[in-house]
Each structure stands twice: as structure tokens, then as C-alpha cells.
**Q** 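Before we start, here is the structure in question, set down as C-alpha cells.
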Amino acid sequence: MNKFDYMEKHGYEQMVYFYDKTTGLKGITCIHDTTLGPALGGTRILNYASEEDAVLDCLRLARGMTYKSAAAGLNLGGGKTVLIGDPNVVKNEAYFRALGRFIQSLNGRYITAEDVNTNTKDMDFVAMETDHVVGLESKSGNPSPITALGAYHGIRAAIKFAFGDDDVTKRTFAVQGAGQTGYYLINFLVENKAKKIYFSEINPKHVERMQKEHPEVEFVKPENFFECDVDVICPCALGAVLNDETIPKIKAKVIAGTANNVLLDEDRHGNMIKEKGILYAPDFVINAGGVINVFNELGTYNRDKVQRDVEKIYDRLIDIFTIAKEDNIHTQEAAKRFAKMRMETIGRVRSNYVPR
Ligand code: NAD
């Protein structure tokens, strides 16, 4: 891969390699676009098969963050950090403090947070060396309940658009995955008296927890999940689950959940879903609760304000569904247009010089 060609094609601003000789920390930070504000994106640790895989993952994820924050109405750009290594081996205080020092050297152009194989406690170590980290154990804490709350509001918007009203008591749901976000989403659906809820899981502990806390929520075998005869399916487990094999089986009229990158191929599967007359809530819009939550750490963190901000996912999705309908395009495409429109409009407003 020619990295500069790739950066030029997709409008990247910066890619930084770093290595710390005391801890062996090896990583890459990509800044995709800072039109709206500093680039924000989590740090993930993976034992990548090759450096090329790590670079591609970092570039792709940074770009995704630009659209996610733009569509969420945040004054943030998109960035990401990937660290190459076995998370069971490399993680310790010194390692994360070394990371913090590199992040500080970017002088606030990039803000990090937790992601795959890192957590809020790790970010507390990062914060000992940099001001440019959010999602701290001591501040906003675990983002999953807020992500699930955002998804709950997004689900209400989707059923309003698909069925004419947003009353969950009339609707049936199947949730794939009862982990961090799926568990809380099911709780919101139960609290709000959804007509019927099914769930599927592969982790016996999570199945047991759900059956103990909510015996009325019915277990479905993972292999039968997509055939569930319900109004709404909620992917809250894995990426790439909407594909050539699963889409033909779907009976639901709405797909809306917390999982990232659920369309195996955005255009092909976005269109397949549209052609089946199913309404799909774009993943990066409906699951933006986590980034809205950490963004609020940049000011004075207030949980009530975060909950109000997250509720706006409802109106945002209605706008996106309307664009998709009017322009006859799939909803993932409409969500990207929505994000790009905001970047263009705000970018133009900021093109004049105003001293502050
Ligand atoms: P998690 O690992 O806590 O939960 C996922 C659950 O899915 C696990 O319990 C797992 O056992 C189950 N699972 C895995 N494969 C399955 C299968 N084939 N069928 C049924 N269940 C299966 O993860 P999470 O934090 O809830 O995240 C879920 C998705 O949401 C991911 O795609 C993640 O990127 C996305 N997301 C999470 C957040 C957040 O705040 N946690 C924010 C934005 C997006």
C-alpha cells in the first residue's frame, strides 16, 4: 500500500509512528480530519499480523471517527491510535504513561480514549502524562450504559419512521449479544415495557445473568437469531453480521443496535437491506452515545446534560431517514451525506479570521 496515495484519496491530515525504547511501546496515531475540532478516537491494542494491517486499521478507524463525531453534532474531528502487541503481555502503568507522553507531544490535535483491549483504568495512567485523554475512570467512567441509552432513543426513532409511532409497548425485539451494551439496552426495553424481547448470546454467564434478572426475556439460539419473527432486530455483539447470508433471513422491519461496522459491505448490504424494505439505523449514528459521553469530559462533566445530548440521536436519525427516503439512497449513505454536510457548512463558517 502506498500510504501517501491512500491519505490523499481519503483526505487524511497526519499519521505518526512512535516507539518507546524503555517499555517497547509500538504504535501509530492517525488524524483524519480536524475541520470541526481536535481529532478524537480511542486507543486499541492488538497483536496485528503485520505492520500493514495495523496501519490500515488505524487509517480506517480514524476516518470512521470523523463521520461519527460530525453526525453526532460534536466539535471534534476523527483520529485513532493502534498499539501493536499482545494486550495480555504489554499492558502496565509505564506502558500507558509512555503512550500519554506521545499523545501530549501532539499538542491537543488528537485526544485519545479507551477502545478494544484498553479500559478507563488504563486511561487514568495515560492522563498522568497528558491533558488530551478522555473516558477516565474518575470522570465519565464506563460508556456502555450511555451508548445503550442512545441506541434506545435511536430505536424509538426508527420504529416511529417505520411504523408511524415510537411506542415500544407495541413492538417486539430481538437483541444479539447481552454484553456491556446489549445488557443495558435490554434493561431499557424492559423498563419501558416492550411487548416482547428475545436475546441471543454465546457466553453462558451472560445468558445466566439475563435469565436470572429478566426471566421474561426469551433466549434464542445464536444460529436462529436473524430468523426471529420480530419487529426490530438489535445487533449488539459483532461487526459484519449483515451480509449475503443473514439479510435474506431477516423478517424484522427495523435493524437498530449498538454494534459497529455491522454491514459487511456498506454499499452492497446497505442496498440489499433497503431493497427488502427494512429500515436500518446507521451504526455510527445510533451508537454515538459513547463518544458524546467522553466529549462532555472536555467541559464540566454533567450526567444529566449527557443524557439530554444522547437523546438528540432520535431527531438526528429522523433527519437521516428523511434524506434517505427523499434521495432514494440507503441509510448508511444518507448518514455519511449528513455528516459531510455539517463538515462543509461549519468549515465554511470558520473560514474567516476572528481573534479570540
Ligand atoms: P461486549 O463484548 O461487552 O458484548 C458483546 C456480547 O456479544 C458478548 O456478551 C458476547 O458473548 C456476545 N456475542 C458474541 N458473539 C455472539 C454471537 N454470535 N451471537 C450472540 N452473542 C454474541 O461488547 P459491547 O461493549 O457491548 O459492544 C458490542 C458492540 O457495540 C461492538 O461492536 C462495539 O464496538 C459496539 N460499541 C460499543 C460501545 C460501548 O460503549 N461499549 C460504544 C459504541 C459501539
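This chain uses plain numbering: 1 for the first residue, then up along the sequence. For ligands, and for the atoms within them, numbers begin at 1 and follow the listed sequence.
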**Q** Could Lys196 and Tyr198 be counted as a cation-pi pair, given that NZ or CZ must be under 6.0 Å from the ring centre and within 45° of the axis?
**A** yes
**Q** What residue and heavy atom of the protein are closest to atom 41 (N) of ligand 1, and at what distance?
**A**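 Closest protein heavy atom to atom 41 (N) of ligand 1: Ser144 OG, 3.2 Å.
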**Q** In chain order, what residues pass the side chain to side chain contact (heavy atoms under 4.5 Å, CB included) check against Asn107, with sequence neighbours excluded?
**A**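 Counting only residues at least two positions away or on another chain, Asn107 forms no side chain to side chain contact (heavy atoms under 4.5 Å, CB included).
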**Q** Check whether more than 12 heavy atoms from other residues, nucleotides or ligands sit under 6.0 Å from atom NZ of Lys121, and answer yes or no.
**A**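 Count not over threshold, so no.
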**Q** Within a distance under 4.0 Å of any heavy atom of Gln180, pick out the atoms of ligand 1 and give their elements.
**A**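 So the atoms of ligand 1 that pass are 1 (P), 3 (O), 4 (O), 24 (P), 25 (O), 26 (O).
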**Q** Any donor and acceptor pair, going by atom type alone, linking the side chain of Arg156 with main-chain N or O of Val168 inside 3.5 Å?
**A** no
**Q** If hydrogens are left out, which of His206, Glu201, Arg209 has an atom nearest to atom 6 (C) of ligand 1, that is, the closest non-hydrogen atom?
**A** Glu201
**Q** Of the protein's non-hydrogen atoms, which lies at the shortest distance from atom 4 (O) of ligand 1, and what is that distance?
**A** Gly179 CA, 3.3 Å
**Q** Test of understanding: given a 4.0 Å heavy-atom threshold, classify the contact between Leu238 and ligand 1 as side chain, backbone, both, or neither.
**A** side chain
**Q** Counting heavy atoms only, name the option from Val291, Asn293, Val175, Asn260 that's nearest to atom 34 (O) of ligand 1.
**A**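 Ranked by closest heavy atom to atom 34 (O) of ligand 1, first place is Asn260.
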**Q** Which of the numbered atoms in ligand 1 are below 4.0 angstrom from a heavy atom of Ala259?
**A** 29 (C), 30 (O), 32 (O), 35 (C)
**Q** Using a strict 4.0 Å threshold on nitrogen-to-oxygen distance, state whether Asp244 and Arg268 make a salt bridge.
**A**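 Between Arg268 and Asp244 there is a salt bridge, with a charged N closer than 4.0 Å to a carboxylate O.
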**Q** Does atom CD of Glu245 have more than 12 heavy-atom neighbours, drawn from other residues, nucleotides or ligands, at distances under 6.0 Å?
**A** no
**Q** Less than 4.0 angstrom from a charged side-chain N to a carboxylate O is my criterion; do Arg44 and Asp115 meet it?
**A** yes
**Q** Give the residue and atom name of whichever protein heavy atom lies nearest to atom 40 (O) of ligand 1, and the separation in Å to one decimal.
**A**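 For atom 40 (O) of ligand 1, the nearest protein heavy atom is Thr147 OG1, 2.8 Å.
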**Q** Less than 4.0 Å between a side-chain N and a carboxylate O, is that true for Glu93 and Arg97?
**A**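 So Arg97 pairs with Glu93 through a salt bridge.
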**Q** Report, in ascending order of atom number, the atoms of ligand 1 lying under 4.0 Å from any heavy atom of Asn203.
**A**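 It comes down to these atoms of ligand 1: 11 (O).
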**Q** For atom 7 (O) of ligand 1, which protein heavy atom lies nearest, and how many Å away is it?
**A** Ala237 CB, 3.3 Å
**Q** For Glu191, check side chain to side chain contact (heavy atoms under 4.5 Å, CB included) against everything at least two apart and list the hits.
**A**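 Only Phe188 meet the side chain to side chain contact (heavy atoms under 4.5 Å, CB included) criterion with Glu191.
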**Q** I'd like to know whether ligand 1 has Ser200 as a neighbour, heavy-atom separation below 4.0 Å.
**A** yes
**Q** Is Thr258 in polar range of ligand 1, meaning some N or O pair under 3.5 Å apart?
**A** yes
**Q** Do me a favour and list the nearest non-hydrogen protein atom to atom 17 (C) of ligand 1 with residue, atom name and distance?
**A** Ile202 CG2, 3.9 Å
**Q** What atoms of ligand 1 come closer than 4.0 angstrom to any heavy atom of Pro143?
**A**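 Listed by number with element: 40 (O).
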**Q** Report the nearest protein non-hydrogen atom to atom 27 (O) of ligand 1: residue, atom name, distance rounded to 0.1 Å.
**A**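 So the nearest neighbour among protein heavy atoms is Thr181 OG1, 3.8 Å.
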**Q** Could you tell me whether atom 2 (O) of ligand 1 has a protein heavy atom closer than 4.0 Å?
**A** no
**Q** Among Ala288, Gly182, Cys236, which residue places a heavy atom closest to atom 5 (C) of ligand 1?
**A**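 Looking at heavy atoms only, Cys236 sits closest to atom 5 (C) of ligand 1.
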**Q** Heavy-atom contact check, 4.0 Å cutoff: does Gly177 meet ligand 1?
**A**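 Flag set, Gly177 near ligand 1.
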**Q** Take a 6.0 Å sphere around CZ of Arg60 and say whether it holds more than 12 heavy atoms from other residues, nucleotides or ligands.
**A** yes
**Q** With salt bridge (Lys or Arg N to Asp or Glu O under 4.0 Å) as the criterion, how do Asp327 and Arg337 come out once you've worked through the C-alpha distance, each side chain's angles and the decisive distance to 0.1 Å?
**A** CA-CA 11 Å; Asp327 295 355; Arg337 278 196 197 170; 3.1 Å; yes
